[in-house]
Structures are given as structure tokens and as C-alpha cells.
Amino acid sequence: HPGFMNYNCDQEEMCSRIKSAVSFFSEKYGLPILPTGDAVQTLRKEAEFDYPNGGASLCRDGYHLTYDIGRFAAGAVWLVTLTGQKISISEFEDFDKTLLSKIISVVNSI
């Protein structure tokens, strides 16, 4: 994506700058922060994704969340953050159990 060059093609720099912008607006308008980006970054480091070999991925194009796993993780962050409700692995049947367990563990720890 051409916009990635704005961050020196560095994912950590991109995330840091996004967090800075989110924090600024959160403080300015007194809004809560939904830590979706933090959860995604944690999952990138802790969960096993094998996208190059046909396995799961959090992103559908290298930047935007996939319609299944990526958006599930983001939605789970919103649910846990806004309601305080924890998620149980038994509630979902369509995902790989190992990956789902990791996602739920990360999200529930928020």
C-alpha cells in the first residue's frame, strides 16, 4: 500500500503513530480507547499465522483485517471493552480452536 511509505515502511512506527493520534483525540474529547490495534499487534506476535502457505491471517491484503479472523478479533475487543463481558471458546464453532483460543485469551486479558 503506498500509504505505508508514510511510516517508513515500518509497522511498529505506523502503530505508534496511530496510537498517538488515537490518544490525542481520546483526551481532547474524553472518549474511551478501544484497544483493537494493541490486540492485533499482540496476536501478530503471539499467534501462529501461516498465510504464505495457505494458513490463517489477520489481514486480507497486508493492511486491512480479514473478514473472518481479523474482524472477529476486532469485534471481540469491542465487546469486551464496551460491556466487560468475557468471551468463551465454546460460543464459536467455525474457527481453528488453537487460534480461537489465542484470540480469546488476548482479548479477555484487555
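Because the structure is predicted, anything quoted here is derived from the model rather than measured. Along the sequence shown, residues are numbered consecutively beginning with 1.
- Side-chain atoms of N53 never come within 3.5 Å of backbone atoms of G55 as a donor-acceptor pair (strictly under, hydrogens ignored).
- Judged by distance alone, the side chain of T42 and the main-chain N or O of D38 form a donor-acceptor pair under 3.5 Å.
- Judged purely by atom type and a 3.5 angstrom limit, T81 uses its side chain to pair as donor or acceptor with the backbone of V77.
- Counting heavy atoms from C-beta on, the side chains of R71 and T66 never come closer than 4.5 Å.
- When side chains are defined from C-beta on, M14 does not count as touching K19, because their heavy atoms never get closer than 4.5 Å.
- Residues S26 and P32 approach most closely at OG-C, 4.3 Å, considering heavy atoms.
- Residues passing the salt bridge (charged side-chain N to carboxylate O under 4.0 Å, His left out) test with R17 are E13, sequence neighbours excluded.
- Under the 4.5 Å side-chain criterion, counting only non-hydrogen atoms from C-beta, I69 is not in contact with S57.
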Item to complete: Would you check, one step at a time, whether the test side chain to side chain contact (heavy atoms under 4.5 Å, CB included) holds for K86 with V80?
Response: CA-CA 6 Å; K86 298 298 181 187; V80 169; 4.2 Å; yes
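- Using a 4.5 Å cut-off on side-chain heavy atoms (C-beta onward), I33 and S23 make contact.
- In the hydrophobic clustering (ILVMFWY side chains linked at under 4.5 Å, chained through shared members), F25 is joined by F24, Y29, L31.
- Here the closest non-hydrogen pair linking F4 and D10 is CZ-N, 3.6 Å.
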Item to complete: With side chain to side chain contact (heavy atoms under 4.5 Å, CB included) as the test, would you mind laying out the steps for L34 and L82 before giving the verdict?
Response: CA-CA 8 Å; L34 299 169; L82 294 174; 3.8 Å; yes
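- Cation-pi geometry between R44 and F49 is not satisfied (NZ or CZ under 6.0 Å from the ring centre, within 45° of the ring normal).
- Looking at V107 and I103, their side chains come closer than 4.5 Å, going by heavy atoms from C-beta outward.
- The closest donor-acceptor contact from the side chain of K102 to the backbone of A47 lies at 3.5 Å or more, if one exists at all.
- Between F72 and L65 there is no side-chain heavy-atom pair separated by less than 4.5 Å.
- The backbone N or O of L79 sits less than 3.5 Å from a side-chain atom of T83, completing a donor-acceptor pair.
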Fill in: Verdict with reasoning, L100 to D96, per side chain to side chain contact (heavy atoms under 4.5 Å, CB included)
CA-CA 6 Å; L100 181 59; D96 171 90; over 6 Å; no
